[in-house]
Amino acid sequence: PGHDLVDNPVSVLTQEMSKHFLQSKNEGDKYKFFMKATQLEQMKADYSYIMQTKSRTHEQIEQGVGLLQDLRQHYVEKEERYKSIAFVSEMETNLEALKHKMAWAVVSETEKEMKPIKDSIDIEEGRTEKYDQKLKEWQVKVNEAEEKYKAIQDKLEKISEEAQALQPQCVCLKADVQAKRKAYNEAEAHYNRSRTELKRLEKDDEQLWKRIEELKNSADQVSESEKLERQKKIAQLKEQLKSIHDQEVMMVHEMDQFQQAVYKSKEEHARLQREELDVKQALDSKQRQLKELADSKTNRLKRFGQHMPVLLEEIEGAYRKGHFKHKPIGPLGAFISLKDAELTLAVETCLKSLLQAFCCDNHHDERMLQTLMSKFYSSGYRPQIIVSRFRNEVYDVRPRAVHHPEFPSVLTALEIDNAVVANCLIDMRGIETILLIKSNPKAREVMQSKRPPKNCREAFTAEGDQVFERRYYSSDNTRPKFLSKDVEAEISHLQKEVENKMAQLSTSQCRLCSNENETRQNEDYLNRRRRQQKELQEDEAYENKHKMESVKRDMEQQKGKMEDSKIILRVAERKLEEIKEKLHQVEEIASPVKDELNQADLEVEKSKHHWQHYEEKQKEHLASIKKLKGELAAKEKELKEKIAQATQICPQRIEVNRTVKSLDTEMNRLRDQINSKRDHHGNREEIIKQLIEAKDKYQDAEGKVKNLKKFIKLLDQIMTQRYKMYQQFRRCLTLRCKFYFDFLLCQRSYSGKMSFDHKNETLSITVQPGDINKAALNDMRSLSGGERSFSTVCFILSLWSIAESPFRCLDEFDVFMDMVNRRIAMDMMLKMADSQRHRQFILLTPQSMSSLPTSGLIRILRMQDPERGQTMLNFQRRHQEEEED
C-alpha cells in the first residue's frame with residue numbers, strides 16, 4: 001500500500017498519509033513517525049533486545065550458579081570419599097570419643113533441665129506466704145463483714161419484732177380508745193340527763209309542795225263525804241301513777257336504746273366522713289396521675305414530673321451559656337427501656353428514685369444543677385443528684401456480674417442509651433448482681449431453697465417483691481409509673497381505677513346520707529319520748545321527792561363515772577399516741593437499716609468473692625508446686641539412671657560443652673560415613689579418576705560462570721554509556737530538526753514551533769503564516785490547503801536533513817499549493833538535492849515541470865495520459881516492454 005512505512009533505506013510519505021499525519025490529534029503518532037524516519041526507533045528496539053538478552057543471560061547465570069553448587073557438592077563428596085579411604089579408623093576412634101561425651105552430655109542436660117524446675121519451686125514456695133497472708137486478710141474481712149451483716153440483721157429483726165409487737169398493741173389501743181370514748185360519751189349523756197331530770201324534779205317538787213299546803217288548808221273545811229270521795233280518787237290516782245311509772249321505766253329503757261343508736265350513728269357518720277376523705281384524696285391522686293399520663297403522650301418527660309420538661313430546657317440553656325463543664329444527664333429513667341414489658345414493675349421497684357435522678361460529672365455542675373432545681377422543687381422534694389466522673393464506655397462487669405441460664409439480670413434486661421447512665425446504675429444499685437424472676441415461688445426457690453447463684457445478692461419478681469437469701473419484702477406498688485411503654489393501657493387502667501373510686505365515693509356518700517337520715521329519725525323519736533316522759537312525770541307528784549334523791553345519787557355516780565372515763569380515755573389516747581409515735585420512729589429507723597443491711601450484704605458477697613478468688617489462686621499455686629516437685633522427682637530418678645549408664649560407658653566424668661543434639665548429629669554423620677565407606681569402598685584408581693573428573697567439571701563451570709558475570713558487568717557499563725550517547729544523539733537530531741523546520745518556514749515568512757516530549761513520547765507542531773509577533777501560533781489543521789502542503793514539505797525536508805536513508809521520495813506534494821508556494825517549495829527541494837548529491841530524490845507530481853532549469857542532475861519522466869474509458873491497466877503490455885528494454 002502507498003502508506004506503508006518501509007524499513008531503511010526507504011521511507012515513503014504519500015499525500016493522504018501526510019494529510020492524515022498533519023491533521024491527526026494524536027501527538028504520539030507524530031512522535032513515532034519522527035522516531036521511525038530518523039531510525040531512532042530501530043536503535044531503541046535494539047537496546048530493548050539487548051536488555052532482554054542480558055536478562056536471559058542473567059537467568060542462565062543464576063541457573064549456572066545452582067548447577068555449580070551441585071557440581072561443588074559432587075566434588076566435595078568425591079573428595080570426602082577419597083579421604084575416607086585413609087581416615088575410616090580415625091573416624092571410628094572419633095566416634096568412640098563422641099559416645100563418651102554423649103553419655104555425660106545427657107547427664108549435663110538433665111542437670112540443666114532440673115535447675116529451672118528447682119528455681120521455679122523456690123520462687124513459688126516464696127509466694128506461698130503471700131497467698132496465705134492474702135487469704136487470711138480476706139478471711140478476716142469476710143468474718144468482719146458477716147459479723148457486721150449479722151449485727152445489722154439482728155438490729156433489723158429487733159426493729160421488725162418491735163414493730164410487730166407494737167402493731168397489735170396499736171390495734172388494741174385503738175379499740176380501747178374507741179370503747180373508752182364510747183363509755184365516756186355514754187356517761188356524759190347519762191350525767192346530762194340526770195342533771196336535767198334533777199332540775200325538772202326540783203321545780204316539780206316546789207310546785208307539789210305548794211299544792212300540798214293548799215290541799216292541807218282546804219282539807220279542814222270539807223265534809224266527811226268529800227274526804228271519802230277524795231280518798232277514792234287518791235287510790236285511783238295511785239293506780240294510775242303506778243301504771244305511768246311502769247310506762248316511764250319502759251320509756252327510759254327505750255330512750256337509752258335510741259340514745260345508743262344515735263351515738264352509733266354519729267360514730268358511723270364520722271367513720272364514713274373519714275372514708276369519704278380518704279377516697280377523695282385517692283381520687284385526686286389518680287386523677288393527677290391520669291393527667292400526667294395523658295400529657296406524657298405528647299411529652300414522655302412529664303411522666304417524671306410536671307416540672308421536668310421545663311427543668312431540662314433550663315439545663316440546656318445554662319449549658320449553652322457555659323455554666324456547666326459537662327451537661328448533666330437525666331432523668332436516668334428517660335434513657336432506659338425494657339426488653340420484656342412484664343418486668344417493668346420489678347425494675348421500677350428496684351431502681352425507685354434513681355429513675356428521676358440526675359448525674360453530674362463534678363461538684364461544680366452539681367451546685368449549679370441544685371440552683372436550677374430550686375426554681376421548681378421545694379427542699380426535700382427535688383430529684384436526687386449523683387456525682388460521678390463521665391466515661392464513654394460501659395464498665396466491664398463480666399467478672400462480678402450474675403449469669404443465670406434462665407433469668408436475666410437488671411443490666412441485661414435493660415436497653416440503656418447512654419454509657420454514663422449504665423455506669424451510674426452499676427455504681428449506685430449494682431444492677432449487674434440483681435436477677436429478675438417473674439414468678440414469686442420460683443424466686444423463693446432460686447434465692448432461698450438453695451444457695452443463690454454466683455454474684456447474685458438479691459432478686460425482684462414481676463409483682464415488685466424483693467427477695468434476699470434470708471428475707472422477703474412485698475411491694476406496695478401494683479402498677480408501673482415511669483417505664484411502661486403502653487401509655488394507652490396505663491391510661492385505661494387509671495380511668496377504671498378513677499371510675500371505681502368515684503363509684504366508691506358515691507356509695508360512701510349514699511351511706512353517709514342514709515346514716516344522717518337514720519340519725520335524724522332516732523333523734524326525733526328520742527325527743528318525742530322525752531316529751532312523753534315529761535308529760536308522765538307531771539303526774540308523779542307524790543314520788544317526786546324520792547325520785548329527786550334517786551336522781552341526785554345517780555347523777556353523782558354518773559359524774560364520778562364520767563370523770564373516771566375521761567381520765568381513762570385520756571390515758572388510753574396518750575398511750576395510743578405513744579404507740580403511734582413509736583411505730584413511726586421504728587419505721588424511720590428501719591428504712592436506713594434496710595439500706596445498711598443491703599450494703600452489708602453487698603460487702604459480704606464482695607469479700608467472699610475476693611476470698612474465693614485468692615483461695616482458688618492458692619489451690620492453683622499449691623497444685624503448681626506439687627506438679628513441679630513431681631517433675632523434679634522424676635528428673636532426679638532419671639538423672640540417677642543416666643549417671644549409672646554414663647559410668648558404665650565412661651567411668652571418668654567428662655565436662656562437655658556441646659549439646660546432645662549436636663553430638664548425636666555428628667555421631668550419626670560419622671556412622672553414615674563409616675558405613676558408606678565400608679559398603680561402597682571400591683578401586684582406589686577409580687575413586688581418584690572420579691575425583692579428578694568432578695574437580696575438572698567444577699572448575700570449568702566455575703570459570704564459565706565467572707566469565708559470564710564479568711561479561712554482564714561489562715555489558716551493564718557499555719549499555720549505560722551507549723544509552724547516554726543515544727539520548728545525546730536523539731537530542732542533537734531533535735535540535736537539528738527544529739532548526740531546519742524554523743529555517744524553511746522563514747523562507748515563506750511563516751513562523752512555527754516543534755515541541756518534543758521524549759518522556760511521554762509526543763510531538764506537537766504549530767504553524768502560523770505571517771510574523772510571529774503579529775499573530776499567535778495555531779494548530780496546522782487551521783491552515784489552508786496550500787499552507788498545509790508547504791508546511792508538510794518543510795517538515796519532510798527537516799526530516800531529510802537529519803535522516804540517513806539514500807533515497808528521498810515525495811508523491812503529489814504540491815497538489816494544494818498555489819504557484820508561489822509551489823515555486824518556493826521546488827526551489828527549496830532542488831537546493832537540498834543539489835547540496836546532497838550522494839542521495840537520490842524522487843518527486844511525483846501531476847503538475848508541469850517545464851519551469852525547472854535544465855541540468856544534468858535533474859531527470860524528468862513524463863507518463864502518458866490514460867485512455868478514456870479504460871477500466872483496467874495494461875500490465876501485460878508494460879511487462880513486455882520491460883522485457884524488450
Side-chain angles (χ1 to χ4, degrees), residues 289 292-293 296-297 300-304 329-357 359 394-398 400-450 452-469 472-494 496-497 598:
Q289 290 184 21
E292 290 175 358
L293 279 175
S296 70
K297 290 172 68 176
R300 181 171 177 262
L301 293 172
K302 286 192 176 182
R303 298 185 73 175
F304 299 95
I329 295 175
L332 301 186
F335 297 88
I336 293 172
S337 60
L338 280 98
K339 298 176 182 177
D340 188 350
E342 294 183 12
L343 299 173
T344 305
L345 181 59
V347 172
E348 282 199 13
T349 308
C350 173
L351 300 181
K352 296 180 182 176
S353 61
L354 287 176
L355 293 172
Q356 295 175 284
C359 189
V394 180
Y395 296 148
D396 184 8
V397 296
R398 287 175 294 181
R400 65 174 187 269
V402 59
H403 301 283
H404 196 279
E406 188 176 355
F407 308 113
S409 66
V410 177
L411 179 60
T412 57
L414 296 179
E415 291 180 352
I416 304 175
D417 301 333
N418 192 299
V420 175
V421 174
N423 293 338
C424 182
L425 295 178
I426 290 170
D427 289 335
M428 298 299 295
R429 194 64 182 89
I431 58 175
E432 77 281 7
T433 63
I434 303 173
L435 282 179
L436 297 176
I437 306 172
K438 294 181 182 179
S439 170
N440 293 7
K442 190 68 176 178
R444 288 181 181 272
E445 178 185 345
V446 172
M447 295 297 295
Q448 296 179 346
S449 298
K450 49 189 176 182
K454 184 180 180 182
N455 296 332
C456 179
R457 60 187 185 87
E458 60 182 298
F460 284 87
T461 68
E463 296 178 0
D465 295 349
Q466 188 177 15
V467 187
F468 290 93
E469 184 178 359
Y472 189 99
Y473 299 106
S474 298
S475 174
D476 297 331
N477 301 322
T478 57
R479 300 288 298 180
K481 183 178 180 182
F482 302 107
L483 301 179
S484 176
K485 292 182 179 178
D486 193 352
V487 179
E488 294 293 340
E490 291 298 321
I491 290 175
S492 174
H493 179 76
L494 272 176
K496 290 180 181 178
E497 288 191 358
N598 292 338

Between [X] and [Y], what is the shortest heavy-atom contact and its length?
| X | Y | value |
| --- | --- | --- |
| A413 | L343 | CB-CD1, 4.4 Å |
| D396 | R398 | OD1-NE, 2.8 Å |
| A346 | L436 | CB-CD2, 4.0 Å |
| M447 | P452 | O-CG, 3.6 Å |
| F335 | P331 | CD1-O, 3.4 Å |

Between T461 and S439, is a side-chain contact (heavy atoms from CB on, under 4.5 Å) present by the stated rule, with each step listed?
-> CA-CA 6 Å; T461 68; S439 170; over 6 Å; no
Main-chain N/O of T433 paired to N455 side chain as donor or acceptor, under 3.5 Å =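 Side chain of N455 to backbone of T433, a donor-acceptor pair under 3.5 Å: no, none is there.
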Are the side chain of T412 and the backbone of P408 linked by a donor-acceptor contact shorter than 3.5 Å?
-> no
Atom pair OG/NZ of S449 and K442 - distance to nearest 0.5 Å | 9.5 Å
Approximate separation, where rounding is to 0.5 Å, of C359 SG and N418 CG = 9.0 Å
Lys NZ or Arg CZ of R457 over F468 ring: under 6.0 Å, within 45° = no
Do the side chains of [Y] and [X] get nearer than 4.5 Å, heavy atoms only?
| X | Y | value |
| --- | --- | --- |
| P453 | V446 | yes |
| C350 | I434 | yes |
| L351 | I336 | yes |
| L355 | L332 | no |
| C424 | R429 | no |

Any chance the side chains of Y473 and D465 put a donor and an acceptor closer than 3.5 Å?
->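 No.
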Can a donor-acceptor pair be found between the side chains of Q448 and E469 at a distance below 3.5 Å?
->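 Their side chains do not contain a donor-acceptor pair, so the 3.5 Å distance test is not met.
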Please walk me through it: do K454 and V402 pass side-chain contact (heavy atoms from CB on, under 4.5 Å)?
-> CA-CA 6 Å; K454 184 180 180 182; V402 59; over 6 Å; no
Residues in salt bridge (charged side-chain N to carboxylate O under 4.0 Å, His left out) with K438, at least two apart?
->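 So K438 forms a salt bridge (charged side-chain N to carboxylate O under 4.0 Å, His left out) with D340, E342.
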Results of salt bridge (charged side-chain N to carboxylate O under 4.0 Å, His left out) for E348 - residues two or more places apart only |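 Listed in chain order: nothing, the list is empty.
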For the side chain to side chain contact (heavy atoms under 4.5 Å, CB included) test, which of L414, L354, V394, I416 pairs with V421?
-> I416
Who are the side-chain hydrogen bond (donor to acceptor under 3.5 Å, both in side chains) partners of R400, not counting sequence neighbours?
-> E432
For E463, check side-chain hydrogen bond (donor to acceptor under 3.5 Å, both in side chains) against everything at least two apart and list the hits.
->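 Partners of E463 under the side-chain hydrogen bond (donor to acceptor under 3.5 Å, both in side chains) test: N440.
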Qualifying residues under ring pair (Phe, Tyr, Trp, His ring centres under 6.0 Å), relative to F407, sequence neighbours excluded = H404
Could you walk me through whether L425 and L411 pass the side-chain contact (heavy atoms from CB on, under 4.5 Å) check?
-> CA-CA 9 Å; L425 295 178; L411 179 60; over 6 Å; no
Can you sort out the partners of Q356 under side-chain contact (heavy atoms from CB on, under 4.5 Å), two or more places apart, ordered by chain and number?
->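 For Q356 the side-chain contact (heavy atoms from CB on, under 4.5 Å) partners, ignoring immediate neighbours, are F304, F482.
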Is there a side-chain contact (heavy atoms from CB on, under 4.5 Å) between F460 and L435 once you walk through the steps?
-> CA-CA 7 Å; F460 284 87; L435 282 179; over 6 Å; no
